[in-house]
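What you see below is based on every heavy atom in this structure, not just the backbone, and it leaves out hydrogens, waters and symmetry mates.
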Amino acid sequence: MQPMLLTSADEWPRGNEWIYEVKYDGYRAILHWENDLPTIISRNQRDITFLFPEIIDFCKRTYPLLAPFLPLTMDGEMVFLENNFRSNFSIVQSRGKTKSKQKVEEASKKFPCQFIAFDLLKIQGTDLVTLPLIERKKHLSQLFKETPLPNKIKFFQRGQIQCIESYEDGDSLWKMIKTHNGEGMIAKRKTSLYTAGKRIDDWLKIKNWRMVTVIVHTFNKENDYFTGAVYKDNQLTEVTAFKHGLTDEQFQTLAAFFRTKGEKLSSSVWMLPPSICADIACIDFDGKKLREPRFHSFRFDLSPEECYWKNFQKQLHPMPEEVPVTHPEKPIWPKLNLLKEDYLLYLEYIAPYMLPFLQNRALTTIRYPHGVPGEHFYQKNVPDYAPNYVQTKQIEGIHYIVCNNLSTLFWLGNQLALEFHIPFQTIDTAHPTEIVFDLDPPSQKEFPLAIEAALKMKAIFDQLQLQSFVKTSGNKGLQVYIPLPKNQFTYDETRIFTEFICQFLVNQVSHKFTLERLKKNRGNKLYLDYVQHAEGKTIIAPYSPRGNEWGSIATPLYWEEVKEGLNPNHFTLPTIIERIKTIGDPFNHFFEAGENQPLKAVLKELKNLLKK
DNA sequence: GGAGAAT
DNA sequence: ATTCTCCAACGCTAG
DNA sequence: CTAGCG
């Protein structure tokens with residue numbers, strides 16, 4: 001089956017005969033599911049099923065519940081979600097190119113993708129393609145309602161099949177897409193039938209073009225392409241090749257300029273020293289090249305020196321309109337030469353990995369309005385000048401900020417909230433969402449003690465079949481997490497567990513670990529702080545910076561990284577983004593891991609044990 | 001960083 | 001006009 | 001007992 005194609009448009013049609021959806025950037029794919037295993041076929045009929053084992057696994061798990069609806073066929077997009085309105089194409093592309101079984105398996109764990117379903121072509125063996133879109137959508141949402149498939153896009157649920165959301169109001173959806181820096185929007189006529197392999201005006205795509213400025217660098221007469229470059233570390237770096245968008249006259253003039261003034265690099269290529277700047281429209285940057293570049297206009301008002309990496313990044317990641325940025329050039333981490341705009345760019349990149357942990361939690365921030373070092377203060381209450389996209393929750397008289405959206409994160413960034421502290425529970429429950437052990441050595445010198453304690457804990461948790469996670473605290477210690485199923489355990493119960501584990505470790509290695517609360521009585525031992533895991537207490541959020549001069553980040557680690565030689569100083573703001581790009585996010589399975597932890601049995605044993 | 005109060 | 005002050009809370013200690 | 005400190 002060929003997927004139905006989209007027609008490009010500059011504007012979206014309005015009126016109630018249309019619905020609107022996010023355009024996700026990934027691989028267009030048709031998912032056929034007849035027996036226990038589905039097959040996923042790309043647009044050019046390539047079977048990509050085995051490139052995405054996380055989808056296969058998910059289908060295997062849910063097969064018993066889905067069986068009554070098979071055979072079914074869904075049209076959708078294989079994506080890596082960064083938020084509900086944007087996906088990351090480069091990751092899907094790289095997944096699509098990974099072939100060896102072992103690498104595929106590894107990639108599926110580190111960069112789990114999602115299949116976003118937006119159309120249902122067959123259910124229980126019955127063809128739906130001759131029904132109008134709106135009817136097919138009803139069947140689709142019915143399917144997701146009656147099964148455990150999540151019926152809303154949730155970017156922080158990895159490796160699943162999700163159902164796209166349809167919107168009646170294109171204008172407000174477009175706003176959200178702009179805010180989240182998405183690829184674009186799709187408009188579909190409610191009455192449209194599914195016309196396989198055809199491009200008709202019932203399905204329209206409207207792209208969210210972003211404009212970037214480059215230095216026109218080379219011209220190749222063989223294919224009429226120009227290249228554009230920007231300065232990165234003082235080196236001219238090519239970031240695009242373009243030819244579309246120039247008028248004939250512009251093309252002739254520019255080409256002639258290269259031929260007469262340029263330096264000839266080969267039989268067909270000329271190069272110009274940096275002089276001419278141009279605006280290029282694109283839909284993204286894949287790490288090496290702009291995607292869908294299109295010449296827009298010359299920028300004779302700019303000098304080439306202004307086309308450098310950071311400006312390029314800023315143009316690719318514009319701040320949402322509703323978040324005004326003040327003093328972008330204020331130095332925040334002077335030792336690292338990091339400005340406020342660098343911090344905001346960090347937040348932009350880290351948001352997909354950090355926001356899931358801030359979701360529905362009463363937030364405490366530490367603000368450094370003049371950078372670090374510098375005067376700072378804790379803030380719990382929302383200031384009354386906060387914009388209305390900042391959600392709040394009143395708890396015991398305090399109006400906490402709840403950072404549930406990207407704009408709020410940026411706004412907090414602009415407020416120079418550098419440290420994000422969160423409780424162990426969400427605002428909708430009295431039960432802890434996870435257990436955290438704080439391994440706090442007396443000083444940096446004793447960090448190996450934290451490594452040792454963490455590994456001992458990990459061994460215990462493995463034995464108990466409890467999945468655990470580990471991160472640096474961003475100061476001098478480590479923190480070990482056990483995510484819990486929702487609403488299952490009380491703080492009293494988790495206390496029994498945390499106290500037992502800590503006591504056990506101290507009994508085992510009493511010359512290295514201690515439960516002593518008073519600092520002066522701890523000596524050089526590692527303090528196992530189980531008191532810190534309690535209602536009303538908070539802990540630094542994953543990927544939050546710490547307000548120190550070195551720009552430390554509370555960094556999630558893979559357990560394999562926790563071994564002799566692990567250096568907590570390595571995890572600083574400038575290194576984290578590259579780290580996630582290459583090895584992924586060690587916490588990406590955190591929330592799904594929580595749901596089936598066998599802590600109940602462990603607690604029962606412990607309670608019996610303690611009675612005697 | 002931003003508001004309101006104090007100087 | 002400019003400067004100052006506030007923005008958590010909990011355990012501890014000195015007075 | 002409380003203001004101040006971290």
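Atom NE2 in A:His399 sits roughly 21 Å away from atom P in C:dC6 (whole-Å rounding). Rounded to a whole Å, the NE2 atom of A:His376 is 11 Å from the P atom of D:dG6. Atoms OH (A:Tyr368) and C1' (B:dG2) sit 19 Å apart, rounded to a whole Å. The interatomic distance linking A:Ile395 (CD1) with C:dA8 (P) rounds to 14 Å, in whole Å. Atom P of nucleotide B:dG1 and atom CD1 of A:Ile332 are separated by 6 Å, given to the nearest angstrom. A straight line from CD1 of A:Ile398 to P of C:dA8 spans 7 Å, rounded to a whole angstrom. Between the CD1 atom of A:Ile366 and the P atom of C:dC7 there is a distance of 15 Å, rounded to whole Å. Atoms CD (A:Glu375) and C1' (B:dG1) sit 11 Å apart, rounded to a whole Å.
The aromatic rings of A:Phe357 and A:Phe587 sit tilted relative to each other, their planes meeting at an angle between 30° and 60°.
One P atom belongs to D:dA3, the other to C:dC6, and the distance between them is 15 Å to the nearest Å.
Minimum interatomic distance between A:Lys537 and A:Gln532 (heavy atoms only, all atoms of both residues): CB-O, 3.3 Å.
Taking every side-chain heavy atom of A:Phe377 into account, C:dC7 is the closest of B:dG2, C:dC7, C:dA8.
Among the protein residues, A:Lys537 comes within range of no part of the nucleic acid, since none of its heavy atoms lies under 4.0 Å from any strand.
Under 4.0 angstrom from either OP1 or OP2 of B:dG1 there lies no side-chain N or O belonging to A:Asn414.
Defined by atom type and a distance below 3.5 Å, a donor-acceptor pair is present between the side-chain atoms of A:Asn487 and A:Thr429.
Partners of A:Phe111 according to the ring-ring contact (aromatic ring centres under 6.0 Å, His included) rule, which considers only residues two or more places apart in sequence or in another chain, do not exist here.
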